[in-house]
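Presented below is the structure to which this report refers.
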2 protein chains.
Amino acid sequence: MAVTIRDVAKAAGVSISTVSRALAAPDKVNEATRLRVQTTADAMGYRPNRAARGLITGRTGNIGLIVPDLENPFFGSVSKGVQSRAREAGYAVFVADTDETPAMEAEAVRSLATQVDGIVMCSARSSDDAVRRFAGEVPLVLINRRLERIPSVTFDNGGGLRAVLRHLVALGHRRIAYAAGPVTSWSNSERSQVFAAFGHESSDLELVELGNFAPYFSGGIEAGDVVIASGVTAVVAFNDLMAVGLVDRLRQRGYSVPDDISVAGIDNVPVATHVWPHLTTVDFPRIAIGRASVDMLLDIVLGRTEHSHRVPDVAVELVIRQSTGVAPTTARAPSPHHTRTQPTTASRQ
Amino acid sequence: MAVTIRDVAKAAGVSISTVSRALAAPDKVNEATRLRVQTTADAMGYRPNRAARGLITGRTGNIGLIVPDLENPFFGSVSKGVQSRAREAGYAVFVADTDETPAMEAEAVRSLATQVDGIVMCSARSSDDAVRRFAGEVPLVLINRRLERIPSVTFDNGGGLRAVLRHLVALGHRRIAYAAGPVTSWSNSERSQVFAAFGHESSDLELVELGNFAPYFSGGIEAGDVVIASGVTAVVAFNDLMAVGLVDRLRQRGYSVPDDISVAGIDNVPVATHVWPHLTTVDFPRIAIGRASVDMLLDIVLGRTEHSHRVPDVAVELVIRQSTGVAPTTARAPSPHHTRTQPTTASRQ
DNA sequence: CGTGCGACTGAAAAGGCTTGCAGAATGATC
DNA sequence: GATCATTCTGCAAGCCTTTTCAGTCGCACG
């Protein structure tokens, strides 16, 4: 059915070895024959069978990408970055969605391990030990999780969160909540620590951690009531999705954002500017991160690992928008509905 | 490095053929040996090399998924559906993101064709001829595009749009716009036709098509000004993302949704309920669609194609929320800012 | 005890490709 | 014209499985 190297060889009147070389190692073959082979190959629509090639070279030309949730725009962006860099490098990419469960991560690694040259794993939900085991099976690069001696690309989680907190403090907030994400999330635990430690920067600050909540809109809805009950004037959510849910719930309950309560997210996913008020958040260059992870993986796979195994935290950026404002003087009770004057800021994207 | 069937054979004291059979065709081998082989294979962590297997069986156990934009939540959901069904059936999936360009679709098909058993192609942007050519290269199932003699799963585009239009008419709207999506999009052209044809259902209706606009938030921003200039009282956008951009732009320009202008989207992606007002839209069961497409592809690949080549349009559902309302009596000029009383509707998801 | 049968098992080919090695052809040198 | 160095090119092995085909073995039956 498909045209094989043998067919091309016959058509071009050369041996299969010559065809193989003409296509893969152009300088080891006479220019004239090379051209002839190339032409007939193109004419016949020949495409080398990568499985067969992989069998002998030991490399598949594929990489795997494992993410917790493809519906989450954060991972969509990362996937896009991984995609594009991989394609440039001539690699195809397997994607596996694990529904945020460690079990499926293990399964994905097992089933992918044999047919890829390496795996990029995003926001791994598995235990440290499990992740180490994965790395033993197949070249592995972690995104958004740091683990001793495992290559990873991470971003400055702590710096981002601190920037948000300083911003809120500058606006006069003194009682601030962190709406935590999944317990199994490495970045959640890092943020949680940074949040707790922030109390030392300035005293007279009351920091309360709430949750954990699911890293979705629904988690934000749930968090909304808890935030209200906690009596804070500002809340930072684990991610933008949760922040958006929070804002929605607060409005439902009759609270105005940011007049009664300020809300900030983390991630700067597109939805952050789709909602009103536009979300104050922390921007991660997600596509760049995806691309960087592929570069790192290829460095390892191709054995050109000169540089360190860990990309320094990529810089993050506090993006101040309309969901955070000065702390209310009297707070607490639902304010009457009032529309603020329309900011004229153009929306991003 | 990796443990091969030969290693297992040696360890279990049998031939490689026996190992192969023990694992793949349990009834063709003595129960005792089967157990012994199974055990040692497990103990050694043997995983058959799928490339080698594919070489001989002609099947790879992989399928390809091609989508225009992974960052678009619509395709994220579809991917998730494809994912989960494929995994259940023991298939791994390659994903390719084409950045909405026909050229990349062709490239993706070419590079995937040799290493998958079939491809699911979502919202193909290529010409009919090109798509036909793809289908000639590899078993292909189309999502969201109908093409004579090519298997596809589509949804009732026309019915969805008509439902929205009837809804708007019932609310008293007489001048209604359709903000069109990409020219290369099949569903856009179908919607465009349905929209134009709708004029016949009731007379005294003024239907204007605007665009084309990009199927993103940014496209909606652009569309917003055009909509205002057109003087309509209601607009249906090509998709939710565009509708959200539209709403944002209208608010920026001082128009209230739905008091001055009603806006409806199509797709019911999560963001539809993340924004305020929640978007009136048409719901597609995206995950189910993804799953169905895999079923269909496998039917073809495995040669069990009893049923027709085309899944009947899957049902869609009009979801009425807060972005559409009764037509304004005097319309046109930006209304003063006024907040409507808060609906108490619970948000979905 | 010889024959035949069934149930298992093993040898070997095949699948498409890369690559080390040897052979052929070409050209240059003496 | 013969020799030798250079390119090129072809042969064949090998990558890991599956699967056909033939063979072994034990056992029941005559």
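For the numbers below, each heavy atom of this structure counts, side chains included, while hydrogens, waters and symmetry mates do not. Keep in mind it's a predicted model, so treat the numbers as computed, not measured. Sequence lines set the chain letters: A, B, ... in the order given, protein chains first and strands last, and positions in each chain run from 1.
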In whole Å, what is the span from the [atom1] atom of [X] to the [atom2] atom of [N]?
| X | N | atom1 | atom2 | result |
| --- | --- | --- | --- | --- |
| Glu31(B) | dT9(C) | CD | C1' | 16 Å |
| Arg36(A) | dT9(D) | CZ | P | 8 Å |
| Asp7(B) | dC15(D) | CG | P | 11 Å |
| Arg34(A) | dT7(D) | CZ | C1' | 17 Å |
| Lys10(A) | dT9(D) | NZ | C1' | 18 Å |

- Encode nucleotides 10-18 of chain C as B, S and - characters from 5' to 3', where the letter depends on protein heavy atoms closer than 4.0 Å: B to the base, S only to sugar-phosphate, - to neither. BBB-BBBBB

- Task: Indicate yes or no: does Asp117(A) engage Arg59(A) in a salt bridge with an N to O separation below 4.0 Å.
- Result: no

- Message: Check this for me, if you would: do Asp97(A) and Arg87(B) make a salt bridge, where the nitrogen-to-carboxylate-oxygen distance has to be below 4.0 angstrom?
- Response: no

- Message: Tell me which pairs pass ring pair (Phe, Tyr, Trp, His ring centres under 6.0 Å) where either residue lies in residues 89-136 of chain A, with sequence neighbours left out.
- Response: Phe94(A)-Phe94(B)

- Message: Are there over 12 heavy-atom neighbours, none belonging to Glu88(A), within less than 6.0 Å of that residue's CD?
- Response: yes

- Item | Flag if over 12 foreign heavy atoms under 6.0 Å of CZ, Arg36(B) | yes

- Report the relative orientation of the aromatic rings in Phe284(B) and Phe155(B); use parallel for angles under 30°, tilted for 30 to 60°, perpendicular for over 60°. parallel

- Message: For a salt bridge (Lys or Arg N to Asp or Glu O under 4.0 Å) check, start with the C-alpha distance between Glu107(A) and Arg110(A), then their side-chain angles and the critical distance, and finish with the verdict.
- Response: CA-CA 5 Å; Glu107(A) 188 191 321; Arg110(A) 288 202 345 153; over 6 Å; no

- Supply the atom-to-atom distance Asn72(A) CG to Ser123(A) OG, rounded to the nearest 0.5 angstrom. 8.5 Å

- For the helix from dC1(C)-dG30(D) to dC30(C)-dG1(D), what angle lies between the axis at the first five pairs and the axis at the last five pairs, to 10 degrees? 60°

